[in-house]
Amino acid sequence: MADISDELVKLEHCAEEERAKLAGLDDEEYAVQWRHWNDAAERFQAAVTAHAEATGQSRHEVEQAAKRAARRADEDPAG
């Protein structure tokens with residue numbers, strides 16, 4: 001399992017929150033929110049790449065570990 005930072009989990013969580021806000025939007029509202037989500041997703045992806053390179057880990061494994069950790073944090077009622 002990849003070693004990840006809390007910051008990666010926070011960035012993934014933020015990207016997922018922005019993606020969820022797309023539901024029910026259309027036209028210009030959708031386009032604006034899509035840009036918010038895209039920016040958040042790009043920040044997450046850049047952080048994953050940097051972390052993987054800095055630690056010598058597989059980029060894919062780092063990304064998947066961060067996504068799993070973000071999902072677990074969402075499910076944890078003590079959170």
Side-chain angles (χ1 to χ4, degrees):
M1 183 166 170
D3 177 38
I4 58 168
S5 68
D6 290 341
E7 183 64 21
L8 287 175
V9 176
K10 289 177 187 175
L11 288 168
E12 168 60 10
H13 189 71
C14 179
E16 282 301 301
E17 285 179 344
E18 293 300 326
R19 184 195 55 77
K21 293 176 186 176
L22 289 166
L25 299 178
D26 57 11
D27 301 327
E28 186 60 26
E29 288 178 328
Y30 183 90
V32 168
Q33 185 56 40
W34 185 91
R35 286 190 293 275
H36 289 292
W37 165 72
N38 189 60
D39 291 346
E42 285 180 351
R43 284 191 297 277
F44 171 68
Q45 293 297 326
V48 165
T49 299
H51 184 80
E53 289 175 354
T55 61
Q57 298 179 81
S58 160
R59 191 202 170 287
H60 176 74
E61 289 179 14
V62 169
E63 179 178 356
Q64 293 308 305
K67 288 180 180 225
R68 281 191 301 272
R71 282 193 304 269
R72 280 194 305 271
D74 285 345
E75 295 169 0
D76 184 3

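When a residue number appears, it is its place in the shown sequence, counting from 1. The structure displayed is predicted, hence computed values, not measured ones.
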Determine whether Phe44 and Glu16 satisfy the following criterion, side chain to side chain contact (heavy atoms under 4.5 Å, CB included), listing intermediate values before the conclusion.
CA-CA 10 Å; Phe44 171 68; Glu16 282 301 301; over 6 Å; no

Side chain to side chain donor-acceptor pair (under 3.5 Å) partners for [X], two or more places apart:
| X | answer |
| --- | --- |
| Asp39 | none |
| Ser58 | none |
| Glu7 | none |

Specify the closest pair of heavy atoms between Ala69 and Ile4, including all atoms of both residues, with the distance to one decimal.
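The answer is CB-CD1, 3.8 Å.
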
Quick one: closest heavy-atom pair of Ala66 and Leu8, and the distance?
CB-CB, 4.1 Å

With sequence neighbours left out, write down each residue that passes side-chain contact (heavy atoms from CB on, under 4.5 Å) with Glu17, or none if nothing qualifies.
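Scan of Glu17 (side-chain contact (heavy atoms from CB on, under 4.5 Å), adjacent residues dropped) gives His13.
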
Not counting sequence neighbours, which residues clear side-chain contact (heavy atoms from CB on, under 4.5 Å) with Gln45? List them please.
Arg59, Glu63

Value for CD (Glu12) from CZ (Arg68), rounded to nearest 0.5 Å, stands at 11.5 Å

May I ask you to test the Glu42-Asn38 pair for a side-chain heavy-atom distance under 4.5 Å?
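Side chain of Glu42 against side chain of Asn38, heavy atoms only: contact under 4.5 Å found.
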
Throw together a table of side-chain donor-acceptor distances under 3.5 angstrom for residues 24-34, partners on residues two or more places apart or in other chains.
unit_1 : atom_1 : unit_2 : atom_2 : d
Gln33  : NE2    : Glu18  : O      : 3.0
Gln33  : NE2    : Glu18  : OE1    : 2.6

